[in-house]
Amino acid sequence: MKKILGYFDVILFLVLVTLKSLIYGNVINEYFNIKGIIFPILASLIVIVSFSLLFKAKRRSKFLYIWNIILTIVLIADTNYFRYYKDVLSIPVIRNGLLLGSVNEAIKDVIKPQDLLLLLDIILIPIIKTIFKIKFKDNYLDYINNKAKTDSLKIRIPAFALLIALGISADSYYIHKLNIEQPRLIEGMYNKIYITNSLGNLNCHVLDVCNFAKKNILNSTSLDDNKKDDIQKYLLKNSKNTGTDFNNIGKGKNLIMLQVEALQGFVINKTIEGQEITPNLNRWIKKSLYFDNYYYQVAGGNTSDAEFMSNNSLYPAASGAAYYIYSGDEFSSLATKLKEKKYYSAALHGYKEGFWNRNAMYVKEGFDNFYGEKSFNLDETIGLGLSDQSFFKQSLEKMESFKKPYFSFLVTLTSHYPFEAVDKYGEFKVGKYENTFIGNYIKSIHYTDKQIGIFLDELEKNGTLDNSILVMYGDHFAIPKNHANELYSFVGETKDDDYAWAKYQKVPLIMHFPKDANKGLNSTVSGQMDLYPTLSNMFDLNNKYMFGQDIFNVKDRFLVFRTGSFIDNNVFYSSSTKKYYDLKTALEVAETKELKKKKDEALKQLDYSDTLLDHNLIKKYKEK
């Protein structure tokens, strides 16, 4: 018993941190399996404990106490990040921290007082230790003596060797097991929630660090020529997967592309308290070609990922923002290919030029000019920066001076969280949703809708739309999953499974043609990766480096998400739970050989895109 007491600090560390890890698991309970996670958690903690045994008893206790603080802070950070983004923090995300915008506001929304209970033991341990010294002096001396007996190097070094071998062996077993079950998952880190559920929070972060370091090393090393050729052949084959529908319809016409902040599809053609939420978008949809089955595919880069996919048809980074990680790469972007057709191109956004590294990426993507915050008169600000009203008004003035034909890429701002445009220019009633997250969003997007209407009406009035193709879409979710109940209440959803959530992750895609031509509804399953291939065919750009599909000409649809989930014409697959859902019945279906093949194809696409970006292969292909 005395020997066990001599290692009381070790036992206490293992118990407390394991308990905290399980509490974290309870926060993500829809993915968490307590029975399968305890031993991987202990295996990772044993590795830390093994190093503590290299110190004498007193320093060992301090070592473990410091690690308790570090791991607790990580768990609190992960808990709150998950509540908002439904993901686990990663090194690229942390490195891109300054690019995340209203992080402080998001934390205020998701952090809960009970999170601080994880710090309770850290506060109490020094207090209890002091009390124990004073009230039980003799017992404490016995405790110190027992600990002193463990200080011998003859005991410490073998104990360290035994424990680190045990911890690493156990960890390796669980990592290998997961790698067999989910090939490429650990290498790609495309579903960190699943990794955390299988290996524990600490192991997930260790793997993330290893992969981040490995990627940076890989970027400076050579790639196997066979894989390089395989990727090029895959892309060349995919680029030919198009047809004659809408081919070269954009010849000589301006391209105006509008990315609307947090515009989700569930508000389109919806009313609340007898009022249309988006009356102007609804009006323009009737004059345009409207895609009502268009999904966002963003990852950790959010708005920047939507831009990246829409302009390049390459998948976003597995962690962090592609706009930051791959800003040194060469691209065959929309602006670059249009430049070959003698187009002038400009990006316009009323926020800081360095936000999401746009000032660097827009140059790499071939834009002739970037009009950021410094190019606008900040005469009215709402939320993060320049109001949409002022942004559109000033953008119209700039566009009038553009050399024709031109590609104008505009990114809005005001409907960004925390939705501060809730009652701008008149009260908009949201009934029972007053002062709720979704209520504030509806008010904010109603404001942005009004500004879009004014902008489009002016483009029509001044004749610009007579020789322009207008493309407008939403960038990513507005309602995070921690407010799913509000969303389900608003849309009348009764289920709460993977597919119930997925089917509301659609954003509007609207294409307007001169003289209101080609207006109608297109319900083809599609997503942000498909926009550039579609425009490439419409403007006859012949781009060879795209992973998406031409919406008009490819009937066998296959839409891949960064997590490894996918949607085709018949099925939605959730990588987090490994479940398939029939799109017509919304019921779960069993895996077939064909579905497993598609699951592997999804992972292959993600791997190919990551490899292409990691090794700057577009530049190499062009040189070749």
Side-chain angles (χ1 to χ4, degrees), residues 28-37 86-87 177-186 188 190-198 238 241 264-266 291-299 315 477 479 481 484-485 487-488 491-507 521-530 547-549 551 554-608:
I28 58 171
N29 57 12
E30 63 187 297
Y31 303 106
F32 197 72
N33 178 9
I34 190 171
K35 292 181 181 179
I37 199 63
K86 295 301 164 191
D87 204 354
K177 182 182 177 184
L178 179 61
N179 202 34
I180 296 297
E181 293 174 356
Q182 293 285 317
R184 298 177 181 162
L185 173 61
I186 292 173
Y190 58 83
N191 192 342
K192 294 185 287 298
I193 292 295
Y194 195 90
I195 295 174
T196 302
N197 181 46
S198 303
N238 191 59
N241 197 11
Q264 283 198 251
F266 70 85
F291 300 78
D292 67 344
N293 212 9
Y294 188 77
Y295 290 81
Y296 69 77
Q297 294 169 274
V298 303
Y315 286 102
F477 69 88
I479 311 301
K481 207 166 186 182
N485 289 338
L487 173 60
Y488 291 157
V491 298
E493 178 62 54
T494 56
K495 289 188 175 182
D496 185 17
D497 55 27
D498 294 329
Y499 181 55
W501 175 253
K503 65 185 179 182
Y504 296 108
Q505 305 317 301
K506 299 175 186 178
V507 293
L521 180 67
N522 187 314
S523 294
T524 302
V525 173
S526 53
Q528 290 164 331
M529 287 288 288
D530 301 324
F547 285 92
Q549 302 172 316
I551 302 174
V554 178
K555 305 306 177 185
D556 186 15
R557 306 304 301 169
F558 187 59
L559 190 66
V560 179
F561 298 92
R562 182 66 257 190
T563 59
S565 300
F566 70 80
I567 294 179
D568 62 15
N569 288 333
N570 304 301
V571 169
F572 165 68
Y573 168 68
S574 170
S575 65
S576 61
T577 56
K578 297 191 288 186
K579 292 180 179 179
Y580 298 87
Y581 296 87
D582 184 278
L583 297 186
K584 293 180 181 178
T585 65
L587 298 176
E588 187 179 344
V589 295
E591 183 177 72
T592 63
K593 288 184 178 179
E594 182 182 353
L595 288 175
K596 187 180 184 305
K597 186 178 179 181
K598 288 196 171 186
K599 181 174 69 174
D600 293 338
E601 169 67 17
L603 298 182
K604 183 172 80 171
Q605 282 196 26
L606 294 172
D607 175 56
Y608 277 7

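Ser574 and Asp498 get closest at one heavy-atom pair: OG-OD2, 3.1 Å. Residues Leu178 and Ser198 share a closest heavy-atom pair of CD1-OG, 3.7 Å. Contact record, Gly564 with Ser575: C-CB, 3.9 Å, taken as the closest heavy-atom pair.
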Review point. Can you check side-chain contact (heavy atoms from CB on, under 4.5 Å) on Tyr295 and Leu559, steps first, answer last?
Key: CA-CA 9 Å; Tyr295 290 81; Leu559 190 66; 3.7 Å; yes
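Asn485 is linked by a side chain to side chain donor-acceptor pair (under 3.5 Å) to nothing, counting only residues two or more places apart in sequence or in another chain. In terms of the side chain to side chain donor-acceptor pair (under 3.5 Å) criterion, residue partners of Tyr296 (sequence neighbours excluded) are, by chain and number, Gln505. Among residues two or more places apart in sequence or in another chain, the side chain to side chain donor-acceptor pair (under 3.5 Å) test is passed with Glu591 by Tyr580, Lys599.
The CD atom of Glu601 sits 4.5 Å away from the NZ atom of Lys604 when rounded to the nearest 0.5 Å. Here the CD atom belonging to Gln182 is positioned 7.5 Å from the CG atom belonging to Leu603, to the nearest 0.5 angstrom. Here Asp600 contributes atom CG and Lys598 contributes atom NZ; the two are 12.5 Å apart, rounded to the nearest 0.5 Å. Summarising the geometry, atom NZ belonging to Lys481 is positioned 7.0 Å from atom CG belonging to Asp496; distances are rounded to the nearest 0.5 Å. In this structure, Ser576 OG and Ile193 CD1 are separated by 8.5 Å, a value rounded to the nearest 0.5 Å. To the nearest 0.5 Å, the span separating NZ on Lys503 from CZ on Phe266 amounts to 14.5 Å.
Within the 4.5 Å cutoff, the side chain of Lys495 has no heavy atoms near those of the Tyr488 side chain. Within the 4.5 Å cutoff, side-chain heavy atoms of Ile567 are placed close to those of Phe561. Side-chain atoms of Val491 and Tyr504, non-hydrogen and from C-beta on, do get closer than 4.5 Å to each other. Taking 4.5 Å as the limit, every side-chain heavy atom of Tyr294 sits out of range of all side-chain heavy atoms of Lys506. Leu583 places a side-chain heavy atom less than 4.5 Å from the side chain of Phe572. Contact annotation: the side chain of Asp582 never approaches that of Asn570 to less than 4.5 Å [non-hydrogen atoms, C-beta and beyond]. Residues Arg557 and Ile551 are in side-chain contact: their nearest non-hydrogen atoms beyond the backbone lie under 4.5 Å apart.
Asp530 places no side-chain N or O within donor-acceptor distance of the main-chain N or O of Val525, the cut-off being under 3.5 Å. Within the 3.5 Å criterion, the main-chain N or O of Val560 finds a donor-acceptor partner in the side chain of Gln297. The main-chain N or O of Ala500 is never found under 3.5 Å from a side-chain atom of Glu493 such that the two would form a donor-acceptor pair. Under a 3.5 Å cut-off, the side chain of Asn238 and the backbone N or O of Gln549 do not form any donor-acceptor pair.
At a cut-off of 3.5 Å, with distance as the only test, a side-chain donor of Ser565 or Thr563 sits close to an acceptor on the other residue. With 3.5 Å as the limit, one finds a donor-acceptor pair spanning the side chains of Tyr315 and Gln605. Side-chain polar atoms of Lys578 and Tyr194 form a donor-acceptor pair below 3.5 angstrom.
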